[in-house]
Amino acid sequence: MSTEAPIPFSHPLPESLADRTVLILGGSSGVGKATGLMLRSLGARVVLVARDADRLAAAAADVRAAGDSTDAVVTAAADATDEKELQRVVDSIDKLDHVLVTAASVSFGSLFDDHGGRGDESLTTRFNAGWNAARVTVPRLPAGGSLTFLSGDMIDRPQPGGSVVSAGVGAIEALTRALAVELAPRRVRVNAIRLGSTDTPLIRGFLGEDADAAVTALGAALPLGRLGTAEEAASAAIFLMCNYNTTGSTLSVDGGQTLV
Ligand SMILES: NC(=O)c1ccc[n+]([C@@H]2O[C@H](COP(=O)([O-])OP(=O)(O)OC[C@H]3O[C@@H](n4cnc5c(N)ncnc54)[C@H](OP(=O)(O)O)[C@@H]3O)[C@@H](O)[C@H]2O)c1
């Protein structure tokens, strides 16, 4: 479908997201949950999706508490790599304006490791979640609607043992630019956020028992002296949703990490 009209004007401040509906794939933790909290405080409706139903329910309780209308938060336990499950979720939503995809698997191992049998997930989960999200949501998105994907600094700063992670973020950034061109005639925008080390349950899961000390030590080695926060990443996602002149962009939120 192509529309003859240019993309509409919309006020580029976050307040313009009031009453919009945002689907968050990866909404039970880290950046996805922080974005849900911020969107609720702006009066948006959110649909949180993740696989673990208990963690999802706990996140939804927190997100509901951030706004004044508890029915503005909906959850659906689903695997973003399963297109049929995602289609079911999207069919159950009345209205949809923006989509954020944070779902990904991250595992490390050298070329000859089997990554605990999960190496290919690090490569494919991020891409498949983004691809499926686009396939099932784009027919529902209005002019000005958007998809936002998550990439990471390992595209620019590869580490030994991180090949599949680097390849996965490379794939999502390439998909971002390609879909931005393909979907521009529909006036649907596609952007990515390239995160540096950010203090979320994901990174803490790699840091062992004294994660607080490890977070401090890791942050001290970065140009700005600390890790990013999930809220700083969430505010980038919100910027990309409400700025209607932004598509095909990869916005770095990395504290300068990729410069050194
Ligand atoms: N934190 C960092 O330092 C960092 C740095 C660079 C890039 N990133 C990227 O930023 C994104 C967000 O990271 P985060 O730190 O917020 O991670 P997180 O705290 O681990 O959250 C990931 C979320 O995605 C969900 N998820 C994972 N696989 C899924 C699937 N197949 N289907 C549906 N939901 C799924 C998880 O819930 P379930 O497991 O219950 O499904 C969880 O809600 C990721 O793409 C990550 O690679 C993070």
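Every number for a ligand or one of its atoms is a count from 1 in the order of the listing.
- When only non-hydrogen protein atoms are considered, atom 14 (P) of ligand 1 lies nearest to Thr200 OG1, 3.7 Å.
- There is no side-chain donor-acceptor pair under 3.5 Å between Ser252 and Asp254.
- The parts of Val31 lying near ligand 1 are both backbone and side chain, judged by heavy-atom distances below 4.0 Å.
- Atom 24 (O) of ligand 1 has Gly26 CA, 3.3 Å as its closest protein atom, hydrogens excluded (heavy atom only).
- Separation of atoms CZ (Arg189) and CG (Leu240) is listed at 7.5 Å; rounding is to 0.5 Å.
- Protein heavy atom at the shortest distance from atom 17 (O) of ligand 1 is Leu202 CB, 3.4 Å.
- Scanning the protein heavy atoms around atom 11 (C) of ligand 1, the nearest turns out to be Thr102 O, 3.5 Å.
- For the atom pair Leu86 CG and Leu25 CG, the distance stands at 5.5 Å (nearest 0.5 Å).
- Qualifying salt bridge (charged side-chain N to carboxylate O under 4.0 Å, His left out) partners for Glu182, counting only residues two or more places apart in sequence or in other chains: none.
- Residue contacts with ligand 1, taken as heavy atom pairs separated by less than 4.0 Å, involve Ser151 solely via the backbone atoms N, CA, C and O.
- Every atom of ligand 1 is numbered from 1 in the order shown, and the set under 4.0 Å from a heavy atom of Gly196 is 3 (O), 5 (C).
- Remark: Asp91 CG is packed, more than 12 non-hydrogen atoms of other residues, nucleotides or ligands lying under 6.0 Å away.
- Looking at ligand 1, you'll find an N or O of Arg51 within less than 3.5 Å of one of its N or O atoms.
- Given atom 43 (O) of ligand 1, the protein heavy atom at minimum distance is Ser28 OG, 2.7 Å.
- Remark: minimum distance from atom 26 (N) of ligand 1 to any protein heavy atom is reached at Ala103 CB, 3.7 Å.
- The closest approach between any non-hydrogen atom of Ala78 and ligand 1 is below 4.0 Å.
- Numbered from 1 in the order shown, with element, the atoms of ligand 1 that lie under 4.0 Å from a heavy atom of Gly30 read 16 (O), 19 (O).
- For Arg204, the CZ atom sits in a packed shell: over 12 heavy atoms of surrounding residues, nucleotides or ligands are nearer than 6.0 Å.
- Residue Arg55 approaches ligand 1 through these ligand atoms, each under 4.0 Å from one of its heavy atoms: 36 (C), 37 (O), 38 (P), 39 (O), 40 (O), 42 (C).
- Within 6.0 Å of CD on Glu15 lie more than 12 heavy atoms contributed by other residues, nucleotides or ligands.
- For Glu121 and Ser107, the side-chain atoms include no donor-acceptor pair closer than 3.5 Å.
- Of all the heavy atoms of Ser197, the ones lying under 4.0 Å from any atom of ligand 1 belong exclusively to the backbone.
- Looking at Ile193, Leu195, Asp54 and measuring to atom 8 (N) of ligand 1, the nearest heavy atom belongs to Leu195.
- A donor-acceptor contact shorter than 3.5 Å links the side chain of Thr35 to the backbone of Val31.
- Not a single heavy atom of Ser105 sits less than 4.0 Å from an atom of ligand 1.
- Looking only at atom types and distance, the side chain of Ser151 has no donor-acceptor partner in the side chain of Arg194 under 3.5 Å away.
- Residue Asp79 places a heavy atom less than 4.0 Å from ligand 1.
- For ligand 1, one of its N or O atoms has an N or O atom of Arg126 under 3.5 Å away.
- Within the 4.5 Å cutoff, no side-chain heavy atoms of Val22 are placed close to those of Arg45.
- In this comparison of Leu150, Ile24, Asn128, the heavy atom closest to atom 10 (O) of ligand 1 sits on Leu150.
- When heavy-atom distances to ligand 1 are checked against a 4.0 Å cut-off, Lys33 has no atom that comes that close, whether in backbone or side chain.
- Each of the following atoms of ligand 1 lies closer than 4.0 Å to a heavy atom of Ile203: 3 (O).
- Between Asp97 and Lys95 there is a salt bridge, since a side-chain N of the basic residue sits under 4.0 Å from a carboxylate O of the acidic one.
- Screening Thr247, Val190, Leu23, Asn191 for a side-chain contact (heavy atoms from CB on, under 4.5 Å) with Leu147, the sole residue that qualifies is Val190.
- At least one heavy atom of Pro201 sits less than 4.0 Å from an atom of ligand 1.
- Checked against a 3.5 angstrom limit, the closest N/O atoms of Ser29 and ligand 1 fall inside it.
- Not counting sequence neighbours, the partners of Glu232 by the salt bridge (charged side-chain N to carboxylate O under 4.0 Å, His left out) test are Arg226.
- Nearest protein neighbour of atom 3 (O) of ligand 1, counting heavy atoms only, is Thr198 N, 2.9 Å.
- Contacts of Val106 with ligand 1, taken as heavy-atom pairs under 4.0 Å, involve the side chain alone.
- Residue contacts with ligand 1 do not include Gly228, since none of its heavy atoms lies under 4.0 Å from the ligand.
- The nearest heavy-atom contact from the protein to atom 40 (O) of ligand 1 is Asp52 N, 2.9 Å.
- Protein heavy atoms are found less than 4.0 angstrom from atom 29 (C) of ligand 1.
- Side-chain atoms of Ser249 do not come within 3.5 Å of backbone N or O of Thr246 as any donor-acceptor pair.
- To the nearest 0.5 angstrom, Ile172 atom CD1 is 9.0 Å from Asn128 atom CG.
- Looking at ligand 1, you'll find an N or O of Ala80 within less than 3.5 Å of one of its N or O atoms.
- Rounding to the nearest 0.5 angstrom, the gap separating the CG atom in Leu179 from the CZ atom in Phe149 is 5.5 Å.
- Not a single heavy atom of Ala34 sits less than 4.0 Å from an atom of ligand 1.
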